[in-house]
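Structure first, then comments.
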Amino acid sequence: MQLTDKVIAVTGGARGLGYAIAERLGQQGAALALLDRSAEALDQAASTLKSQGIHAEAFVVNVADESSVITAFDDIVKRMGAISGCVNNAGITEDALLVKARDGQVEKRMSLESWQKVLNVNLTGVFLCGREAATQIIKAGHEGVIVNISSISRAGNAGQSNYAAAKAGVHALTVTWGKELARYGIRTGTVAPWHLGLLRLK
Ligand SMILES: NC(=O)c1ccc[n+]([C@@H]2O[C@H](COP(=O)([O-])OP(=O)(O)OC[C@H]3O[C@@H](n4cnc5c(N)ncnc54)[C@H](O)[C@@H]3O)[C@@H](O)[C@H]2O)c1
């Protein structure tokens, strides 16, 4: 996709991988809608991008909350015009073993709260933002791209029942959307990074 002046939404865009993705897309001419939880972090990220000559605007959102996501995507279109792409990057971890036992005694278990918290952000968040992005792209009548950020943990990783299940779900969403959305000119893909901290240690 030619990126000049195309509006791309990046969730979790205030820091980390999301910010780096936004910066790279901005350097190639895209206008960035940064979506994240903290207004302060978003303003900081947007102003750093603006200092590089990149058009970036901030939108406070909780990707796990349907009305928050709908409002944010409506606001993007009102303030920046129709979107052409969305990077579903926002994600969290809350690691724990399913069951931790010693000498036959169960000491700890992953709580239902931890399970749901991670599924809500990492899977439901991708569903909600992907749905709104596809809706806006189809309404605009042009082609678009949705990129979902998964993880190599999607194949299963000890201590990450919640995270691994969510990321495997993200892959399933990507394949499903590829089959459903191609007819509207929307391409869908997944990037599954390795642990970036480990890369830095090398
Ligand atoms: N860092 C890694 O090693 C690594 C490896 C594989 C995959 N990933 C994936 O890459 C993505 C980004 O990871 P990161 O390391 O940059 O994380 P990070 O914690 O540095 O940044 C995540 C961003 O998402 C935002 N966010 C979290 N919950 C949110 C919510 N409910 N609504 C809106 N925004 C929310 C946070 O505020 C934060 O700005 C995640 O999906 C993560 O699972 C990261």
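Whatever order the structure lists them in is the order used to number ligands and atoms, beginning at 1.
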Counting only N and O atoms by type, is there a donor-acceptor contact under 3.5 Å from the side chain of His171 to the main-chain atoms of Ser151? no

Taking atom types as modelled, find out whether Gln116 and Asn162 have a side-chain donor-acceptor pair closer than 3.5 angstrom. no

Can an N or O of Asp36 be found at a distance shorter than 3.5 Å from an N or O of ligand 1? yes

Please state whether Val61 comes within less than 4.0 angstrom of ligand 1, counting heavy atoms only. yes

For ligand 1, the portion of Trp194 having any non-hydrogen atom under 4.0 Å away: backbone

Candidates Asn62, Leu17, Val191, Thr11; heavy atom nearest atom 13 (O) of ligand 1 found on Leu17

Between the side chains of Thr4 and Gln2, does any donor sit under 3.5 Å from an acceptor? yes

Could you check Lys78, Arg79, Lys50 and say which one makes a salt bridge (charged side-chain N to carboxylate O under 4.0 Å, His left out) with Glu57? Arg79

Just distances here: any N/O of Ala64 and N/O of ligand 1 closer than 3.5 Å? no

Using heavy atoms and a 4.0 Å limit, tell me yes or no: is Tyr19 in contact with ligand 1? no

Is Ser68 reaching over with its side chain to a backbone N or O of Asn62, donor-acceptor style, under 3.5 angstrom? yes

Check Ile92 against ligand 1 and report side chain, backbone, both or neither, counting heavy atoms closer than 4.0 Å. side chain

Ser38 side chain to Asp36 side chain, donor-acceptor N/O pair below 3.5 angstrom: no

Atoms of ligand 1, numbered as shown, that sit under 4.0 Å from any heavy atom of Gly16: 16 (O), 20 (O)

Contact atoms of ligand 1, heavy-atom distance to Tyr163 under 4.0 Å: 6 (C), 7 (C), 8 (N), 9 (C), 42 (C), 43 (O)

Please confirm whether Ser150 approaches ligand 1 to less than 4.0 Å, judged on its heavy atoms. yes

Nearest neighbour of atom 41 (O) of ligand 1 from the list Val60, Thr124, Asn89, on a heavy-atom basis: Asn89

Applying the side chain to side chain contact (heavy atoms under 4.5 Å, CB included) test to Val126, which of Leu173, Val63, Thr11 qualifies? Leu173

